[in-house]
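First the structure, in the form of structure tokens, and then the observations on it.
Both ligands and their constituent atoms are indexed starting at 1 by order of listing.
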Amino acid sequence: MTQKVALVTGGTGGIGTAICQSLVKSGYRVVAGYNRGGDHEQARAWQATQREQGFEIDISYGDVTDFRSCAICIADVKEKTRSNISVLVNNAGITRDTQFKKMDQDDWRDVITTNLDSVYNMTRQVINDMITDGYGRIVNISSVNGQKGQFGQTNYSAAKAGLHGFTKALAQEVARKGVTVNTLSPGYVLTPMVAKIAPEIQQKIIEGIPVGRMGSVDEIAAAVAYLTSPDSGYITGSNLAINGGQHMY
Ligand code: CAA
Ligand code: NAP
């Protein structure tokens with residue numbers, strides 16, 4: 001049987017790297033989407049490090065904010081793998097935290113475009129192949145802060161909440177075509193994104209997490225592995241919270 005292909009956007013980032021590794025372990029041919037401000041050398045260095053650790057992962061450049069760039073990325077993945085994409089993990093994201101009273105238009109637009117428009121830009125490129133193939137797994141990486149809202153994150157909370165609306169609508173459209181669409185809402189995980197938060201604020205956040213710590217990238221990746229497995233065909237339109245109890249509903 002030919003290996004199914006999985007594409008992870010933001011695949012060379014903190015959580016993305018763990019997702020890529022976990023999907024390799026699950027038997028997929030994995031492609032990490034990267035941007036790196038166009039620094040292809042950095043992405044190749046990431047790939048070499050993965051190889052040293054025993055993970056064979058392809059890389060493909062794309063700017064998730066740009067529909068045309070996403071089309072080129074998908075064409076590149078299909079050419080490299082000679083296959084359609086069966087698993088898409090929409091994981092790329094950014095933050096531009098500030099109180100709304102001080103938020104400028106670029107902070108708003110950049111976050112909405114990178115976290116929400118991106119999901120249209122990538123998913124639109126693969127959905128028809130998945131429908132034709134009668135199989136697909138789409139996982140959208142949202143956030144606990146899309147579920148509960150967060151001080152300083154009107155832009156990010158709006159984008160991440162929007163993701164789950166997208167998930168629920170698309171899940172209904174493709175449910176009978178063998179394609180599942182789910183949201184995963186991680187809590188705080190110490191990656192470069194969270195490292196930007198001032199240490200005293202990080203400490204306060206941890207105090208509010210019942211489990212008493214941040215999550216690990218591997219804990220998030222394990223949940224992605226489950227939602228992308230062939231066995232998860234009856235889970236669609238769900239929003240899986242993985243946040244150490246920080247937000248329960
Ligand atoms: N609730 C109420 N008030 C708060 C507050 C909170 N949670 N946090 C800060 N404040 C208040 C302070 O007490 C202070 O009040 P005073 O002015 O009355 O003293 C004021 O807000 C701070 O004002 P600043 O001008 O310093 O704040 P700012 O507009 O520059 O923004 C901030 C501060 C950058 C938002 C900072 O509070 C912060 O980093 N908060 C954490 C945001 C966060 O959790 N981001 C997550 C990033 S990682 C991620 O997003 C991944 C994921 O999905 C989990
Ligand atoms: P990260 O290490 O900063 O990774 C973010 C990734 O997004 C990077 O690989 C980055 O790619 C990519 N990206 C950003 N802009 C892009 C663009 N325009 N085009 C293509 N790729 C772009 O942060 P992370 O914590 O792993 O975050 C991964 C996802 O998890 C994000 O969606 C984030 O919102 C979500 N999340 C994180 C946490 C957490 O606590 N860490 C919690 C909940 C949800 P390049 O580096 O190649 O530019």
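- Shown in contact with Tyr188 at under 4.0 Å from a heavy atom are these atoms of ligand 2, numbered in order with element: 40 (O).
- No side-chain donor from either of Asp218 and Ser216 sits under 3.5 Å from a side-chain acceptor of the other.
- Heavy-atom distances between Ser69 and ligand 2 stay at or above 4.0 Å for every pair.
- By the criterion of a heavy-atom distance under 4.0 Å, both the backbone and the side chain of Asp63 are placed next to ligand 2.
- For Met214, no heavy-atom contact with ligand 2 is shorter than 4.0 Å.
- At a 4.0 Å heavy-atom cut-off, ligand 2 touches Asn91 through backbone and side chain alike.
- Taking every non-hydrogen atom of Thr98 and a distance limit under 4.0 Å, the qualifying atoms of ligand 1 come out as 29 (O).
- Remark: side-chain polar atoms of Thr123 are not paired, donor with acceptor, to backbone N or O of Tyr120 under 3.5 angstrom.
- With hydrogens and angles left out, the side-chain atoms of Asn91 and Thr9 include no donor and acceptor closer than 3.5 Å.
- Taking each of Gln150, Gln99, Met214, Glu200 in turn, the one with a heavy atom nearest to atom 20 (C) of ligand 1 proves to be Gln99.
- For atom 48 (O) of ligand 2, the nearest non-hydrogen atom from the set Arg36, Met193, Met122 comes from Arg36.
- The N/O atoms of Val144, backbone and side chain alike, include none that comes under 3.5 Å of an N/O atom in ligand 2.
- The part of Gln153 lying near ligand 1 is the side chain, judged by heavy-atom distances below 4.0 Å.
- Under 4.0 angstrom from ligand 1, there are no non-hydrogen atoms of Lys160.
- The closest non-hydrogen atom to atom 43 (C) of ligand 1, taken over Asp97, Val194, Ile141, comes from Asp97.
- Under 4.0 Å is where a charged nitrogen must lie from a carboxylate oxygen, and between Lys78 and Asp129 at least one such pair does.
- Where the criterion is an N or O separation shorter than 3.5 Å, residue side chain and backbone included, Ser143 fails it with respect to ligand 2.
- Numbered from 1 in the order shown, with element, the atoms of ligand 1 that lie under 4.0 Å from a heavy atom of Gly152 read 35 (C).
- Short contacts between ligand 2 and Pro186, defined as distances under 4.0 Å to a heavy atom of the residue, involve ligand atoms 42 (C), 43 (C), 44 (C).
- The backbone of Ser142, and not its side chain, has at least one atom closer than 4.0 Å to an atom of ligand 2 (non-hydrogen atoms only; backbone = N, CA, C, O).
- For the pair Lys4 and Tyr135, the cation-pi criterion (under 6.0 Å, within 45° of the ring axis) is fulfilled.
- Applying the 4.0 Å criterion to heavy atoms of Ser143 picks out, from ligand 1, the atoms 52 (C), 53 (O), 54 (C).
- Proximity of Val189 to ligand 1, defined as any heavy-atom pair under 4.0 Å, is not found for any part of the residue.
- Counting only N and O atoms by type, the side chains of Thr65 and Thr113 include no donor and acceptor under 3.5 Å apart.
- Counting only non-hydrogen atoms, the option in Asn145, Ile201, Val144 that gets closest to atom 40 (N) of ligand 1 is Ile201.
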